[in-house]
Amino acid sequence: MPSSFDEHNPPKPELLSDCVHCGFCLPTCPTYQLWGEEMDSPRGRIHLMNLATEGQIPIDDSFAKHFDACLGCMACVSSCPSGVQYDQLIEAVRPQIERAVPRTVADRLFRGLIFSVFPFPARLRVVALGAWLYQVSGLRWLLHTSGFLRLLPARLQALEALMPPVTLRNIFSRHRGVRRPIGETRRRVALIAGCVQQVFFAEVNKATVRVLLAEGCEVITPKQECCGALSVHAGREDEGLARARKMIQSFEDLDVDDIVVNVAGCGSTLKEYGGLLADDPEFAIRAAEFSAKVRDISEVLAELPPQAPRHPIAARVAYHDACHLAHGQQIRKQPRDVLRTIPELELLEVPESELCCGSAGTYNMVQPEAGEELGNRKAANILHTRPDAVTTGNPGCLLQIARYLDGVPLFHPIELIDASIRGVNLLTATASNLSDANPQTTLSSSSKLRAVGE
Ligand code: SF4
Ligand code: SF4
């Protein structure tokens, strides 16, 4: 029977046939862990792709349901002994679903809202300004205490609950230009500023620049737009590839050793540009050259012997592996090694570290129930380590974990390195800030720490 997939980049049969159905991936798959359904496991999803390739099942709502539920966390890639490239398979399937399966009106509107705001920093700044007013005016407190928010649909509740704390300084900070280190330049790097990152996590970018300068790097932050990671992960292929091409154009004339990224989700897509644009005659080589230069900030720092003295941070810090760093880029050792350069910092390993926290790009907004179950499970595992603080290299994970982990401050690892170099005592300053118990406390713990580091 003819394939149910259309002819544009269907899942490759030679990749599908790599799966020997052994089931080693099942314990690491969050959706299989939640529901125990074979069709919500990597093996089951590969079986569905095989059936669709053979034309035995259609690409319809029921097919889409199992792939929409997949977080794209790539834990199955890490755990598969046969080297099944599920990452390539899911990225081939998602655009097929977007083309073949009509979404409901509510679904279209919600996804349209996300994709008309998140990839645009200028629009995000407007939204952030509204969020700032919402937070400082007391309206948020009022809506939480009155119970009004519980009347909203689950997706809107999730969107509201994940709203990061906003500062005016972050909304209006700019991230362009060239910064040179004092003394010898050991490396020349270009920085990916990110979309959500530059508006809601501006202090992470500032910390990144400070640390790179302290370690002897010249840092160039060019004018840039969204890298397309959110679009690629959601199957919005044309949109994602158009953004990838623009990103390449923004960076390709820079004479730099590395293109540095401090967002795990963006980093994994930036490293894939070569593969994503392999069939584009104008961009194939340029994309491969771009991807070859992309490094997570932890990779760059792990390769550079530290030159800036570190001050002690006497704290038990739980490290959460962001999926797009650990599984998507196989980066586990470097962030741990870099954090261990901080004297007196005790690094803690979280049980079930391979399991996604439920953030996964837009997953916790479009699949809020599963996102909540995974968020609570991650928070319980983190609490098991009795940490003074939590650190992870992805802003989506920071927000997701902060939502479910009350009273424990969160940081991006680069903020801890920055604080250690500058001798800032983040934990002491934060503990006093955490005393004001209100509906924003769980969301604002991370920002309170970052505010100290600014
Ligand atoms: S994806 Fe890999 S681990 Fe999972 S069933 Fe197939 S071969 Fe086994
Ligand atoms: S990407 Fe994650 S959620 Fe999807 S099948 Fe693999 S392990 Fe499961």
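Order of listing sets the numbers, starting from 1, for every ligand and every atom in it. Starting from 1, each residue takes its place in the sequence as its number.
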Quiz prompt | Where ligand 2 meets G72 - atom numbers and elements under 4.0 angstrom, heavy-atom basis | solution = 1 (S), 4 (Fe)

Quiz item: Stepwise, does the side chain to side chain donor-acceptor pair (under 3.5 Å) test hold for N205 with Q198?
Solution: CA-CA 7 Å; N205 282 352; Q198 65 175 279; over 6 Å; no

Quiz prompt | Modelled atom types, side-chain donor and acceptor of T269 and H233, under 3.5 Å | solution = yes

Can you give the donor-acceptor pairs under 3.5 Å from side chains of residues 275-293 to other protein atoms, not counting sequence neighbours?
from: D280; atom 1: OD1; to: E282; atom 2: N; distance (Å): 2.9
from: D280; atom 1: OD1; to: F283; atom 2: N; distance (Å): 3.2
from: D280; atom 1: OD2; to: R245; atom 2: NE; distance (Å): 2.7
from: D280; atom 1: OD2; to: R245; atom 2: NH2; distance (Å): 3.1
from: R286; atom 1: NE; to: E252; atom 2: OE1; distance (Å): 2.9
from: R286; atom 1: NH1; to: E282; atom 2: O; distance (Å): 3.4
from: R286; atom 1: NH2; to: E252; atom 2: OE2; distance (Å): 2.7
from: S291; atom 1: OG; to: L270; atom 2: O; distance (Å): 2.8
from: S291; atom 1: OG; to: K271; atom 2: O; distance (Å): 3.4
from: S291; atom 1: OG; to: Y273; atom 2: N; distance (Å): 3.2
from: S291; atom 1: OG; to: G274; atom 2: N; distance (Å): 3.2
from: S291; atom 1: OG; to: A287; atom 2: O; distance (Å): 3.3
from: K293; atom 1: NZ; to: V256; atom 2: O; distance (Å): 2.8

Exercise. Run the numbers for me: atoms of ligand 2, each under 4.0 Å from some heavy atom of L71, listed by number.
Key: 3 (S), 4 (Fe)

Quiz prompt | Sidechain-backbone polar pair: R123 side chain, V117 backbone, donor-acceptor under 3.5 Å | solution = no

Quiz item: Is atom 2 (Fe) of ligand 2 less than 2.8 Å from an N/O/S atom of C73, whether that atom is in the backbone or a side chain?
Solution: yes

Practice problem: Please determine, by modelled atom types, if S359 and Q400 share a side-chain donor-acceptor pair under 3.5 angstrom. | Solution: no

Self-check item: Numbered atoms of ligand 2 (with element) below 4.0 Å of C70, judged on heavy atoms
Solution: 1 (S), 3 (S), 4 (Fe), 5 (S)

Quiz prompt | Side-chain donor-acceptor pair present, N262, Q197, cut-off under 3.5 Å | solution = yes

Exercise. Test the R236-F115 pair against the cation-pi criterion, namely NZ or CZ under 6.0 angstrom from the six-membered ring centroid and within 45° of the ring axis.
Key: yes

Quiz item: For the residue pair Y32 and E37, what are the closest heavy atoms and their distance?
Solution: CD1-O, 3.4 Å

Quiz item: Under a strict 4.0 Å criterion on non-hydrogen atoms, which protein residues are in contact with ligand 1?
Solution: C19, V20, H21, C22, G23, F24, C25, R43, I46, C80, P81, S82, V84

